[in-house]
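See structure below.
Residue numbers begin at 1 in each chain, while the letters A, B, ... track the order of the sequences.
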Protein chains: 2
Amino acid sequence: MEPDAAALDSAFMALADPVRRSIIARLSRGPATVNELAEPFEISKQAVSKHIQVLEQANLVTRTREAQRRPVHLNPARLEALTAWIDQYRLVREGQFRSLDAVLRSNAATGSGPDTRSHHEQFPEAQRS
Amino acid sequence: MEPDAAALDSAFMALADPVRRSIIARLSRGPATVNELAEPFEISKQAVSKHIQVLEQANLVTRTREAQRRPVHLNPARLEALTAWIDQYRLVREGQFRSLDAVLRSNAATGSGPDTRSHHEQFPEAQRS
DNA sequence: ACGTTTATCAACCTTTCGGTTGTTTAAGCG
DNA sequence: CGCTTAAACAACCGAAAGGTTGATAAACGT
């Protein structure tokens, strides 16, 4: 269940849209069909269906069959994975080093200062096509 | 400090890229210059500079002047804002309603079932160009 | 003053994204 | 068996993203 780079890509990308975030917000109150989700917006149902495709591809929601309707369900586990990733980095320096940056940087080139290591996301992790 | 839709847009969009996430990971260990950030990747420094522009526009990092270098600093507060937004929705239904969805949906059209209201992100919140 | 380092700006190209319309499939309903 | 509804699929289009190269600006060192 460890989120790899591609999974984080699709998840964050999916949330980088106000319509899709609204859909998430709506689904947090319970499952809904495409038509129910599309109604509050001025965009077409096809567009909403595409948005849901994006969310589904990011594993943030799942579509189930139920008669002729296809309710969309939220997947809280994936949201949890995102907060886990973010916390991994935001917890390190909760702003208290802000004024010491200049000092740390001045002798950082020699690699002798007190540092805050022990991380698991090694730096070179990504590549694009 | 409340994150509006546009702020969340840019922040999630910024994190939806493995290079930019790697930059965040690196900056969580301390500030760094563009050259230092660019070295581990095969893309040009200009490209990395653009990535940092995106992160800066999303308020995830800040650029300071210091001699002829321009160290990039992480902004943990903005990361915290993201987790706050996500938690707002993932904490609602931690998977326990999964099997009750069919029942809830069947009488949801009449609007009489027990629900989980009291949310502040009202549904119609977004629009595109 | 000149060159070097650091980093940004500008133009350009290619790919992807978000949305549209139009056409199918699938499942009820009368 | 048709008719309506729900929703996906497909083709198309404008806009934006991600990257490249080339030129420009700012702050040193000598």
What's the closest nucleotide to the [X] side chain, out of [options]?
X: Lys50(A); options: dG19(D), dT6(C), dA11(D); value: dA11(D)
X: Ala47(B); options: dA7(D), dT20(C), dT20(D); value: dT20(D)
X: Gln68(A); options: dA8(D), dA27(C), dT21(D); value: dA27(C)
X: Gln53(A); options: dC9(D), dT20(D), dT6(C); value: dC9(D)
X: Thr33(A); options: dA7(D), dG28(C), dA27(D); value: dA7(D)
X: Arg63(A); options: dT20(D), dT20(C), dA8(D); value: dA8(D)
X: Arg20(A); options: dA17(D), dG18(C), dT20(C); value: dG18(C)
X: Arg69(A); options: dA6(D), dA26(D), dG19(D); value: dA6(D)

To the nearest Å, how far apart are [X] [atom1] and [N] [atom2]?
X: Gln57(A); N: dA8(D); atom1: CD; atom2: P; value: 14 Å
X: Ile43(B); N: dG19(D); atom1: CD1; atom2: P; value: 5 Å
X: His51(B); N: dA17(D); atom1: NE2; atom2: C1'; value: 10 Å
X: Asp9(B); N: dA16(D); atom1: CG; atom2: P; value: 13 Å
X: Met13(A); N: dA16(D); atom1: CE; atom2: P; value: 15 Å
X: Ile23(A); N: dG18(C); atom1: CD1; atom2: C1'; value: 13 Å
X: Arg70(A); N: dT5(D); atom1: CZ; atom2: C1'; value: 15 Å
X: Ile52(B); N: dG19(D); atom1: CD1; atom2: P; value: 13 Å

OP1 or OP2 of [N] versus the side-chain N and O atoms of [X]: is any pair under 4.0 Å?
X: Asn35(B); N: dT5(C); value: no
X: Ser49(A); N: dA8(D); value: yes
X: Ser44(A); N: dG19(C); value: no

Original post:
After noting the C-alpha distance and the side-chain angles of Ile23(B) and Val19(B), does the key distance pass the side-chain contact (heavy atoms from CB on, under 4.5 Å) rule?
Top reply: CA-CA 6 Å; Ile23(B) 290 175; Val19(B) 174; 4.3 Å; yes
Looking at [atom1] of [X] and [atom2] of [Y], how far apart are the two atoms once the value is rounded to the nearest 0.5 Å?
X: Leu74(A); Y: Arg26(A); atom1: CG; atom2: CZ; result: 11.0 Å
X: Leu15(B); Y: Tyr89(A); atom1: CG; atom2: OH; result: 11.0 Å
X: Arg63(B); Y: His73(B); atom1: CZ; atom2: NE2; result: 11.5 Å

**OP:** Map Gln46(B) and Lys45(A) onto DNA chain D by nearest heavy atom, then report which one ends up closer to the 5' terminus.
**Re:**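 It is Lys45(A), whose closest nucleotide lies nearer the 5' terminus.
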**OP:** Please assess Val61(B) against Ile24(B) for the test side-chain contact (heavy atoms from CB on, under 4.5 Å), listing each intermediate value before the final yes or no.
**Re:** CA-CA 8 Å; Val61(B) 304; Ile24(B) 293 290; 4.2 Å; yes
